[in-house]
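Shown next, in structure tokens, is the structure this report addresses.
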Amino acid sequence: MCLNLVLILQLLMLYFILGHVYSAKLSERIVGGSAVTQKKYRYYVRLHYQGEFKCGGSLLRNNAVLTAAHCVKGSNMKSLRVHADTIRLSDPGVVRSVKNALVSRSYNADTLNYDVAVLILSSAIPSGSFTSITLDKKAVASGTNCLVIGHGYTKEDGSVAQQLQEVSVPVVSRAACQRKYRGTGAITQYMMCASVPGKKDSCSGDSGGPMICSGQQAGIVSWGMGCARTKFPGVYTDISKIYGFVEKVLKQYP
Ligand code: 4AZ
């Protein structure tokens, strides 16, 4: 009887220990990237709001940043800062305020449709401190491997990365992505999807940052159901569909 009780207790302990290890493994489902140790993506910028890191972005020219609308919509522009020429959160790099934040009337905060914003900086970033990225006017074929960079969570319930991270993810066809998100969210014609299911994906904090395909920016990190889940790819704003809006803003604000 007493021996039985000991056995049960031991089994219970084993159950909890194994359970703990197993759940730790499951949540260790990192986004699957690697640290960027050289300043090789010098179009990448961080957006800080009220002194805290909030989102990524990319430099289209010395005074214009492309990011996601949901990163800036409703925020007080005076508390927004753009940090260029840095790959560590602790390094402020070159800091600029924002003069204008432009979001299209087509943006929908509930569905994240048309999730794009252009920020015009208070003054230009010096030419030695950045490179600009060109936008891809054509839709990217599914299966294409694209680069995503950011300081976002390295796992779904994680925390931001001190060092900038990079990951390569294949583009998933819109039709396949729509099937996966059936019932949970609408993948519109302004969105594109990418991930290595269960392994590589963008995550919280990567929003607004660039997706680079064949050397041009084809997407903006926008949203997703969790991070690196087997069923749900990451969702990106499809640059080829919102290109006109960006062009117009850049012309209007030289
Ligand atoms: C976010 O909350 C977020 N797995 C960005 C990308 C993804 C999920 C969430 C894609 O900013």
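Just so you know, ligand 1 is whichever comes first in the structure, and atom 1 is the first atom listed for that ligand. Below, all heavy atoms of this structure are taken into account, side chains as well, without hydrogens, waters or symmetry copies. Quick caveat, the model's predicted, so the values are computed rather than measured.
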Regarding Ser222 and His70, do their side chains bring together a donor and an acceptor under 3.5 Å, going by distance alone?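 No, no side-chain donor-acceptor pair sits under 3.5 Å.
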
Residue pair Tyr190 / Ser106, side-chain donor-acceptor N/O under 3.5 Å: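 No.
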
Aromatic rings Tyr181 and Phe232: how do their planes relate, parallel, tilted or perpendicular, breaks at 30° and 60°?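 Answer is tilted, since the angle falls between 30° and 60°.
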
For the residue pair Tyr44 and His151, does the interplanar ring angle fall in the parallel (under 30°), tilted (30 to 60°) or perpendicular (over 60°) class?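 The rings of Tyr44 and His151 sit tilted, inter-plane angle from 30° to 60°.
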
Who passes side chain to side chain contact (heavy atoms under 4.5 Å, CB included) against Gln50, sequence neighbours left out?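 Side chain to side chain contact (heavy atoms under 4.5 Å, CB included) check on Gln50 returns Ser79.
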
List the steps and the verdict of salt bridge (Lys or Arg N to Asp or Glu O under 4.0 Å) for Arg46 and Glu52. CA-CA 10 Å; Arg46 298 192 308 263; Glu52 278 188 47; over 6 Å; no

List, ordered by chain and residue number, the protein residues whose closest non-hydrogen atom lies under 4.0 Å from any atom of ligand 1.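 Ligand 1 is contacted, at a heavy-atom distance under 4.0 Å, by Asp201, Ser202, Cys203, Ser204, Gly205, Ser207, Val221, Trp223, Gly224, Gly226, Cys227, Gly234.
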
